[in-house]
Colleague: 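This is the structure I want to talk about, given as structure tokens.
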Amino acid sequence: MKQRAGLALSDASVTMSSMLMEQYLNSLQSGGRQKQTIRTYRRSLEALYDFLPPDKEINRGTLKEWKEHNKACGYSDSTVNIRLTAANGFLRFCGREELAIVHERIATDEPMPEMTREEYLQFLSKVRKLGSEKYYFMIKVFASIDIGISELECLTVEACREGAICLSNDKTASIPRCLREELLQYADRHGITEGPVFVTRNGGCLNHSNIAHSIHRLAERADIEPEKCCPSALHRLYLTTKKELMERLMPAYQQSYENLLDTEQMVVGWDK
């Protein structure tokens with residue numbers, strides 16, 4: 001086995017740095033990877049960097065601990081696997097593939113836990129009673145706007161004033177009027193006049209893992225399954241609600257369309 005500074009190579013650690021991360025991501029770009037893939041890998045590696053201790057060292061047990069941490073925070077198996085893929089690729093780039101870890105096994109026939117609107121309102125009410133203002137609004141955001149936890153920093157005071165969030169993938173997400181007004185009031189109470197609505201006490205960006213873990217703990221206090229209350233599950237509630245509303249409106253849309261065609265037929269039909 002190779003040796004490094006008197007240690008077996010498998011026992012040595014890798015120090016993760018921003019420069020090394022950028023070199024790896026640049027290599028993916030040079031290799032023809034899609035921009036969306038690179039963005040996803042960047043978010044995953046930034047989450048790993050935030051998880052690491054101050055020395056930013058990755059050793060043989062680090063990814064296993066990170067994997068369990070992500071699962072405890074309520075991330076789905078597929079999201080955990082995406083994060084592990086990014087981390088494993090980074091380690092291979094560093095020549096340390098032996099520090100990689102196997103992916104989480106996904107049970108394809110196991111349904112993802114779903115939160116009902118009633119459970120959501122119960123959860124939101126409990127968080128409000130607990131006085132957790134910041135997370136009350138975060139929960140509302142994940143369940144009301146088409147964004148995920150990695151896009152939370154795009155929710156700015158400026159976006160609330162405009163009524164829409166501009167995301168990195170050239171997509172926009174509308175902010176409902178009542179939520180927009182509440183978020184601006186929240187920002188005003190906390191002296192946030194520009195930039196991201198949700199920040200640390202020092203004005204910095206929030207740690208994604210800490211957000212998920214905090215929401216997880218609040219769910220336990222509200223007697224709701226934590227797996228139903230993670231940011232990704234709250235976003236699924238948004239998507240499910242939107243789908244149900246669209247299905248409910250479809251008959252009215254179809255009837256309106258039929259009426260339009262009937263009117264046009266009376267004017268330009270073949271036999272007219």
Side-chain angles (χ1 to χ4, degrees), residues 2 4 9-106 108 112 142 146-156 165-173 196 204-213 230-232 235-236 239:
K2 296 179 182 178
R4 177 180 291 175
L9 185 57
S10 62
D11 295 329
S13 61
V14 170
T15 301
M16 190 177 189
S17 66
S18 298
M19 181 180 297
L20 201 54
M21 190 191 312
E22 289 300 325
Q23 290 174 353
Y24 169 58
L25 294 172
N26 288 338
S27 74
L28 295 179
Q29 184 175 0
S30 301
R33 288 295 187 95
Q34 297 288 331
K35 290 183 179 179
Q36 182 59 44
T37 299
I38 296 174
R39 281 195 290 265
T40 299
Y41 276 33
R42 178 183 296 278
R43 291 194 294 266
S44 297
L45 293 175
E46 287 173 347
L48 172 59
Y49 188 85
D50 290 340
F51 171 78
L52 295 175
D55 60 15
K56 302 303 175 185
E57 290 191 348
I58 302 173
N59 55 44
R60 184 169 285 279
T62 299
L63 290 195
K64 182 179 180 180
E65 293 174 2
W66 188 49
K67 173 182 173 180
E68 295 304 319
H69 173 76
N70 278 286
K71 291 173 65 178
C73 287
Y75 287 105
S76 66
D77 289 344
S78 58
T79 299
V80 173
N81 283 344
I82 290 172
R83 290 187 162 198
L84 292 176
T85 296
N88 287 343
F90 173 76
L91 290 170
R92 283 194 294 273
F93 176 78
C94 297
R96 301 302 306 283
E97 189 171 0
E98 73 279 2
L99 298 181
I101 186 174
V102 297
H103 286 62
E104 183 70 12
R105 184 178 178 181
I106 298 178
T108 54
M112 298 294 290
F142 292 132
D146 192 12
I147 63 171
I149 192 170
S150 61
E151 299 166 318
L152 192 61
E153 57 265 29
C154 298
L155 178 59
T156 62
I165 307 170
C166 295
L167 304 175
S168 57
N169 55 1
D170 298 325
K171 180 182 78 173
T172 59
C205 294
L206 294 168
N207 181 289
H208 295 168
S209 296
N210 287 345
I211 292 173
H213 190 56
C230 63
S232 59
H235 185 242
R236 283 198 301 277
L239 295 174

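The analysis underlying the following values was restricted to heavy atoms, covering all of them including side chains, and did not include hydrogens, waters or symmetry mates.
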Colleague: Can Leu167 and Cys154 be said to form a side-chain contact (heavy atoms from CB on, under 4.5 Å), step by step?
Modeller: CA-CA 6 Å; Leu167 304 175; Cys154 298; 3.9 Å; yes
Colleague: Return the CG to CE distance between Leu52 and Met16, rounded to the nearest 0.5 Å.
Modeller: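 Between Leu52 CG and Met16 CE, I get 6.5 Å after rounding to 0.5 Å.
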Colleague: Distance check, rounded to the nearest 0.5 Å: Tyr49 atom OH versus Ser18 atom OG?
Modeller: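 Here the interatomic distance stands at 4.5 Å.
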Colleague: Would you call Asn88 and Leu63 a side-chain contact if the rule is heavy atoms closer than 4.5 Å?
Modeller: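 With C-beta onward as the side chain, the pair touches.
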Colleague: How many angstroms lie between atom CD1 of Ile165 and atom CG of Leu155, to the nearest 0.5 angstrom?
Modeller: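 Reported value, rounded in 0.5 Å steps: 4.5 Å.
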Colleague: Got Tyr24 and Leu45 here, is their nearest side-chain heavy-atom distance under 4.5 Å?
Modeller: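 Tyr24 reaches Leu45 side chain to side chain.
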Colleague: Rounded to the nearest 0.5 Å, what separates atom CE in Met21 from atom SG in Cys94?
Modeller: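 Here the rounded value is 10.5 Å.
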Colleague: Once ring-ring contact (aromatic ring centres under 6.0 Å, His included) is applied, do any residues pair with His213, and if so which ones, sequence neighbours excluded?
Modeller: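 Counting only residues at least two positions away or on another chain, His213 forms no ring-ring contact (aromatic ring centres under 6.0 Å, His included).
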Colleague: For a quick test of reading the model, state the closest non-hydrogen atom pair linking Ala86 to Ser44 and the distance between them.
Modeller: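 Heavy-atom minimum between the residues: CB-CB, 3.7 Å.
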Colleague: In chain order, what residues pass the side-chain hydrogen bond (donor to acceptor under 3.5 Å, both in side chains) check against Asp146, with sequence neighbours excluded?
Modeller: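 Result, side-chain hydrogen bond (donor to acceptor under 3.5 Å, both in side chains) vs Asp146: His235.
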Colleague: I'd like to check Phe142 versus Leu152 (side-chain heavy atoms, cut-off strictly below 4.5 Å). Are they in contact?
Modeller: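 Yes. Closest side-chain heavy atoms under 4.5 Å.
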Colleague: Rounded to the nearest 0.5 Å, what separates atom OH in Tyr41 from atom CZ in Phe90?
Modeller: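 Taking OH in Tyr41 and CZ in Phe90, the distance rounds to 13.5 Å.
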Colleague: Taking atom CZ of Arg83 and atom CG of Asn70, what is their separation to the nearest 0.5 Å?
Modeller: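 Those atoms lie 4.5 Å apart.
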Colleague: Nearest heavy-atom pair of Ala173 and Ile147: which atoms, and what distance?
Modeller: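 Where Ala173 meets Ile147 most closely, the heavy atoms are CB-CG2, 3.9 Å.
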Colleague: Is there a side chain to side chain donor-acceptor pair (under 3.5 Å) between Asn59 and Thr62 once you walk through the steps?
Modeller: CA-CA 5 Å; Asn59 55 44; Thr62 299; 3.0 Å; yes
Colleague: Whether Lys67 and Glu65 form a salt bridge (side-chain N of Lys/Arg under 4.0 Å from carboxylate O of Asp/Glu) is what I want to check.
Modeller: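 Salt bridge absent between Glu65 and Lys67.
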Colleague: Applying side-chain contact (heavy atoms from CB on, under 4.5 Å), can you list everything that pairs with Glu153, at least two apart in sequence or on another chain?
Modeller: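 Counting only residues at least two positions away or on another chain, Glu153 forms a side-chain contact (heavy atoms from CB on, under 4.5 Å) with His208.
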Colleague: Using 4.0 Å as the upper bound for N to carboxylate O, is an ion pair formed by Glu22 and Arg42?
Modeller: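 Salt bridge present between Arg42 and Glu22.
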Colleague: Counting neighbours of CD on Gln23 that are heavy atoms of other residues, nucleotides or ligands and sit closer than 6.0 Å, is the number greater than 12?
Modeller: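 Yes.
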Colleague: What is the minimum heavy-atom distance between Glu57 and Pro53, and which atoms define it?
Modeller: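 Heavy atoms of Glu57 and Pro53 come nearest at O-CD, 4.4 Å.
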